[in-house]
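Presented below is the structure to which this report refers.
Order of listing sets the numbers, starting from 1, for every ligand and every atom in it.
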Amino acid sequence: MSPTRTPFIAGNWKMNTTPTEAARLASEVAEAVRGVAGVQVAVCPPFTSLAAVAPVLAGTNVALGAQNFHVVEKDGKLVTSGAYTGEVGPKMIKDAGAGWCILGHSERRQFFGETDAGVNRKIRACFEVGLLPIVCVGELLSEREAGQTEKVVETQVRGCFAGLPADVARQCVIAYEPVWAIGTGRTATPEQAQEVHAHIRRLLTELFGAATAEAIRIQYGGSMNAANAAELLAQADIDGGLIGGAALKAPDFATIVKAGA
Ligand code: PEP
C-alpha cells in the first residue's frame with residue numbers, strides 16, 4: 001500500500017447470487033464494513049442483481065459495480081444500445097446503479113474471446129457513460145513458466161490503454177490477476193505479486209508520466225482471502241484487491257477490507 005493511493009477492495013461475485021441472495025449478501029457486507037475508513041469498497045454482482053442491490057447499498061460506504069457490458073464501434077463511434085439480442089449495454093448498468101465495471105476478466109478472455117482491443121473499446125465506453133473501469137490483466141501458468149509474465153502483462157496493458165489520455169488512465173483501476181491463481185487457492189506470493197505490480201507501474205510511467213502512474217491503483221486478484229490479504233496489501237505497489245470466492249462470504253470480505261484500511 002502507498003501513503004498516497006486509497007486502497008480499493010472490490011468483490012467479483014461472478015455468476016453467483018439471485019437478486020434475493022444478492023440483496024441479502026450486500027446488506028451483510030454493508031453492515032460488516034460500516035464505518036471502516038481509509039479504504040474504498042465495491043461489490044460487483046451479476047447484471048440481474050444490480051437493481052436489487054443498488055438500494056441496499058445507497059447511503060453506505062460500499063459502491064456497486066458490474067462485471068461486463070457490450071459495446072461495438074461503427075464508423076469510429078461507440079454504439080451502446082441496439083440490435084444485440086441478449087447483451088447489456090453500459091448505460092443500462094449505469095442506470096441500474098453501477099459506478100464501476102470489471103473489464104477483461106480472464107474468464108471473459110478465456111471463455112468469451114475478449115481481447116485487449118475490446119477492453120480498450122469498453123474503457124472508452126465507460127468514460128462516455130460515466131462508469132469507472134477495473135481493467136484485468138494477468139498471465140497463464142504456461143506463460144509464467146516460460147518466463148513471459150512481464151511481457152504478457154505489458155502487452156495487455158499497452159493494448160487496453162492504447163490511445164487513452166493520461167487524465168482518463170488516471171481514473172482507471174488495474175487488477176493484476178495471475179490466471180493460475182484465480183479460484184485455485186494458489187496465491188501469488190507477496191513478492192511475486194509486487195514484482196509484477198512494480199513492472200506495471202514502470203510501464204504506466206512510460207505511457208502516461210510519473211504523476212499519473214503514481215496515482216493509478218493496481219489491485220491484486222487471485223485467491224486473496226482473509227488469511228493472506230494483509231501480507232499482500234503490505235506490498236508497496238499493491239493498492240487493493242479484486243476478490244472472487246472470498247467476496248461471497250461477508251465476514252471474510254470484511255476482514256480483507258479491514259486489512260486494506
Ligand atoms: C477473480 O475472479 O477476480 C478472483 C480473484 O477470484 P478468486 O478470488 O476466487 O481467485
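Residue Ile182 has no N or O atom closer than 3.5 Å to an N or O atom of ligand 1. In terms of polar-atom proximity, Gly245 is counted as a contact of ligand 1, with an N or O under 3.5 Å from an N or O of the ligand. Considering both main-chain and side-chain atoms, Met224 never comes within under 3.5 Å of ligand 1 through any nitrogen or oxygen pair.
Nearest protein neighbour of atom 3 (O) of ligand 1, counting heavy atoms only, is Glu177 OE2, 2.7 Å. For atom 1 (C) of ligand 1, the closest non-hydrogen atom of the protein is His105 NE2, 3.2 Å. Nearest protein heavy-atom neighbour of atom 4 (C) of ligand 1: Gly244 N, 3.6 Å.
Between the side chains of Asp237 and Gln194, at least one donor N or O lies within less than 3.5 Å of an accepting N or O. Between the side chains of Gln235 and His197, no donor-acceptor pair of N or O atoms lies under 3.5 Å. For the residue pair Tyr176/Glu139, the side-chain donor-acceptor check at 3.5 Å is satisfied.
Interface of Ser223 with ligand 1, defined as ligand atoms under 4.0 Å from a residue heavy atom, comprises 7 (P), 8 (O), 10 (O). Against a heavy-atom cut-off of under 4.0 Å, Gly222 is close to the following atoms of ligand 1: 5 (C), 10 (O). For ligand 1, the atoms lying closer than 4.0 Å to a non-hydrogen atom of Leu242 are 3 (O), 5 (C). Under a 4.0 Å criterion applied to the non-hydrogen atoms of Asn12, ligand 1 contributes the atoms 1 (C), 2 (O), 3 (O). Near Lys14, with a cut-off below 4.0 Å to any heavy atom, the atoms of ligand 1 are 1 (C), 2 (O), 6 (O). Set against the non-hydrogen atoms of Ala181, the atoms of ligand 1 under 4.0 Å away are 10 (O). Less than 4.0 angstrom separates some heavy atom of Gly183 from each of these atoms of ligand 1: 7 (P), 9 (O), 10 (O).
Note: Phe161 and Phe208 have perpendicular aromatic rings, judged against thresholds of 30 and 60 degrees for the angle between ring planes.
Listed here is the closest heavy atom pair of Thr48 and Pro19: O-CG, 3.4 Å.
Put simply, Ile134 and Val39 are part of the same group of oily side chains (I, L, V, M, F, W, Y) that touch within less than 4.5 Å, one to the next. Note on Val153: it clusters hydrophobically with Met224, by side-chain heavy-atom contacts below 4.5 Å among ILVMFWY residues. Taken together through direct or relayed side-chain contacts under 4.5 Å among Ile, Leu, Val, Met, Phe, Trp and Tyr, Val53 and Leu131 form part of one hydrophobic cluster.
You'll find the ring centres of Trp13 and Phe253 outside the 6.0 Å limit.
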